[in-house]
Novice: 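One structure is given below, represented as structure tokens, and several questions about it will come after.
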Amino acid sequence: MVLGVAKLICRICGAEYPPTLRNVCDKCLGAVDVIYEEPHENLKNLLSTRTARGVWRYKELLPITREEHIVDIGAGGSPLTRAEELGKRIGIRKLLIKNDTINPSFSFKDRPSSVAVSKAREFNLPAVGCASTGNLASATSAHASAANIPCIVLMPDTVELPKIRQASMYGSHIILVDGTYDDTNRLAYLLTERARIGIVNVNLRPYYVEGSKTMMFEIVEQLGWRAPENIIIPMASGALLGALHKALRELEGFNVLDDINTAFHGVQPVGCAPISDAYARNAEEVTPVRTPNTIVKSLAIGSPGDGEYALGIVRKTGGTCQAISDKDVIEAVHLLCQTTGIYAEPGGAITIAAAKKMREEGILDEGDEVVCCVTGAGYKADEFIEPRGKTYAVKPKISEVLQTLSAELPILASA
Ligand SMILES: Cc1ncc(COP(=O)(O)O)c(C=O)c1O
Ligand SMILES: [Zn+2]
């Protein structure tokens, strides 16, 4: 048995509900969140002796009641890497990268999908699905295929082709919508009203977001049971930022950490930055972007479901919101790749661009500790990224290889 969910609680009015298939409060339509009973054993002791890595290492703080329902294809357990050279280049001495490109379907979305598809099993739902800007499509599909549950994914038809192909590889039913992500999301809602299907980021949302907390649990353990000073997080719906904050609140609530002072910084691309725009205008409300216009397609959500929630966390923790141009995101993909060996997609590398900008603007100091969440891998979103390494075509002759390279690499000139 895994520790059970205590209940669902409304984020707005505090109304409580049993842990059933619901995502909003009946009284005020606010989002509902999972809250847990205090574990019987001291959580830090429990985790310190555990050998399992990945999302399910933290099963006491995940909303699954029976272990046999868990769908585990190895999500999570990603490295937190000190980026010395990159840090030098951008002027931040303690720059750390949470490298979530290494997940089974190559983005952090495997974390929430693992939990949501497990919960779908627990609810005995005959099918699952999602509305996606690209990465969730593959993450949900991968877990559904491992659980042998049919999967329907809805995506805008502008999503990068490799992401569509990848989701299809797992055998999902792919619906490409001639419209924005918001149109796609609306269709996903309507599907849940018409059929008994668990859409991971709609009616399974309270359970789904719990999976993302594990990224922060790992960071805290990797820092030696300490919360980071600054964390920079890409935002689309704002759900990841909210989940990472919830993770710290739970560790505090269960006496694993105290005195948490982490500043949460959220980043969006300039062409779709409803949350960062609200931050810049000092507004309480997030104004939707009707037609996103950015190459950072994975973050192109014009009407972010958790936008105001994320904005509140940023302000409360003394963080900031940033908006980054497509040009600067592309530069960051190259810089990250060439200084750390991590090949990220634009939606992942955007946090590096944000760290650089924040340092230039004096928001971050040289001595600040900064964790950048790099949330997705480059292979499936590289249509706007031109490789910069040189490529040469040669005949199969060593003399030609040496001659070609000798001008560039003196070590070969005398070979
Ligand atoms: C690579 C990547 N990073 C970050 C996010 C942000 O996720 P959220 O919608 O939770 O804000 C997404 C969302 O699709 C994504 O694909
Ligand atoms: Zn309510």
Side-chain angles (χ1 to χ4, degrees), residues 8-17 22-33 98-101 103 105-113 116 130-140 153 155-156 159-160 163 166-167 181-182 184-185 200-202 205-206 208-213 215 232-246 264 266-269 272-276 286 292 294 296-307 309-311 313-314 321 329 333 344-352 354 372-381:
L8 297 174
I9 186 165
C10 172
R11 209 182 265 176
I12 308 292
C13 76
E16 293 184 1
Y17 298 94
R22 88 156 44 240
N23 58 320
V24 292
C25 171
D26 287 343
K27 299 189 174 71
C28 75
L29 295 181
V32 292
D33 290 318
K98 184 61 175 164
N99 179 9
D100 254 47
T101 67
N103 273 290
S105 80
F106 315 114
S107 86
F108 89 94
K109 295 279 184 181
D110 284 320
R111 297 176 185 267
S113 297
C130 64
S132 173
T133 54
N135 284 318
L136 184 56
S138 288
T140 308
V153 304
M155 289 182 263
V159 159
E160 297 92 342
K163 288 185 178 167
Q166 187 190 354
Y181 174 81
D182 292 323
T184 306
N185 196 36
V200 300
N201 52 345
V202 178
R205 192 207 58 84
Y208 158 86
V209 295
E210 292 295 288
S212 298
K213 293 185 311 189
M215 198 193 291
I232 309 183
I233 303 156
M235 300 186 295
S237 70
L240 173 61
L241 191 142
L244 298 184
H245 184 252
K246 186 171 188 278
F264 279 70
V267 201
Q268 299 195 292
C272 185
I275 308 174
S276 298
V286 172
T294 173
V296 192
K297 294 179 184 178
S298 57
L299 303 183
I301 295 187
S303 185
D306 283 326
Y309 182 58
L311 192 57
I313 291 169
V314 164
C321 285
V329 174
V333 171
E345 69 163 274
I350 196 170
T351 56
I352 305 301
C372 287
C373 297
V374 174
T375 44
Y379 284 115
K380 49 183 178 170

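Remember, it's 1-based here, ligands and their atoms both numbered in the order they're listed.
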Novice: Could you check whether any side-chain N or O of E160 sits under 3.5 Å from a backbone N or O of A381, counting only pairs where one atom can act as donor and the other as acceptor?
Specialist: no

Novice: List ligand 1 atoms under 4.0 Å from P234, heavy atoms only on the residue side.
Specialist: 3 (N), 4 (C), 6 (C)

Novice: Measure from atom 13 (C) of ligand 1 to every heavy atom in K163, K109, K297, E345 and give the option owning the shortest one.
Specialist: K109

Novice: Ignoring hydrogens and geometry, is there a side-chain-to-backbone donor-acceptor pair from K380 to N135 under 3.5 Å?
Specialist: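 No; zero donor-acceptor contacts below 3.5 Å.
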
Novice: Give the numbers and elements of all ligand 1 atoms closer than 4.0 Å to a heavy atom of A239.
Specialist: 8 (P), 10 (O), 11 (O)

Novice: Among all protein heavy atoms, pick the one closest to atom 10 (O) of ligand 1 and tell me residue, atom and distance.
Specialist: L240 N, 2.8 Å

Novice: Within ligand 1, which atoms have a heavy atom of L299 less than 4.0 Å away?
Specialist: 3 (N), 4 (C), 5 (C), 6 (C), 12 (C)

Novice: Just do the side-chain hydrogen bond (donor to acceptor under 3.5 Å, both in side chains) check on T375 and D100 with the steps written out, would you?
Specialist: CA-CA 5 Å; T375 44; D100 254 47; over 6 Å; no

Novice: D182 side chain to S303 main-chain N or O, any donor-acceptor pair under 3.5 Å?
Specialist: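 Here the side-chain-to-backbone pair exists.
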
Novice: Please work out whether any backbone atom (N, CA, C, O) or any side-chain heavy atom from C-beta onward of L136 is under 4.0 Å from ligand 1, and answer side chain, backbone, both or neither.
Specialist: neither

Novice: What atoms of ligand 1 come within less than 4.0 Å of a heavy atom belonging to M235?
Specialist: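 In order of number, 11 (O).
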
Novice: Nearest to atom 8 (P) of ligand 1, what protein heavy atom do you find, and at what distance?
Specialist: S237 OG, 3.4 Å

Novice: Counting from 1, what ligand 1 atoms have a heavy atom of T133 closer than 4.0 Å?
Specialist: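 Within the 4.0 Å cut-off of T133, ligand 1 contributes 14 (O).
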
Novice: Just by distance, do the side chain of N99 and the backbone of T101 share a donor-acceptor pair under 3.5 Å?
Specialist: yes

Novice: Between D306 (side chain only) and S237 (backbone N and O only), is there a donor and an acceptor less than 3.5 Å apart?
Specialist: no

Novice: Considering non-hydrogen atoms of the protein only, which is the closest contact for atom 2 (C) of ligand 1, and what is the distance?
Specialist: T375 OG1, 3.4 Å

Novice: K98: which residues meet the side-chain hydrogen bond (donor to acceptor under 3.5 Å, both in side chains) condition with it, sequence neighbours left out?
Specialist: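 Applying side-chain hydrogen bond (donor to acceptor under 3.5 Å, both in side chains) to K98 gives S78, E218, Q222.
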
Novice: Quick one: does any side-chain atom of T351 pair with a main-chain N or O of C373 as donor and acceptor, under 3.5 Å?
Specialist: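 Side chain of T351 to backbone of C373, a donor-acceptor pair under 3.5 Å: yes, one is there.
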
Novice: N201 side chain to A131 main-chain N or O, any donor-acceptor pair under 3.5 Å?
Specialist: yes

Novice: Just to check, does G238 reach to within less than 4.0 Å of ligand 1 when the distance is taken from its heavy atoms?
Specialist: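 A heavy atom of G238 does come that close to ligand 1.
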
Novice: Considering both backbone and side-chain atoms of I301, is one of its nitrogen or oxygen atoms within less than 3.5 Å of a nitrogen or oxygen in ligand 1?
Specialist: no

Novice: What angle sits at the Zn ion (ligand 2) between SG of C13 and SG of C10, to 10°?
Specialist: 110°

Novice: Do me a favour and list the nearest non-hydrogen protein atom to atom 16 (O) of ligand 1 with residue, atom name and distance?
Specialist: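 Nearest neighbour among protein heavy atoms for atom 16 (O) of ligand 1, to 0.1 Å: N135 ND2, 2.8 Å.
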
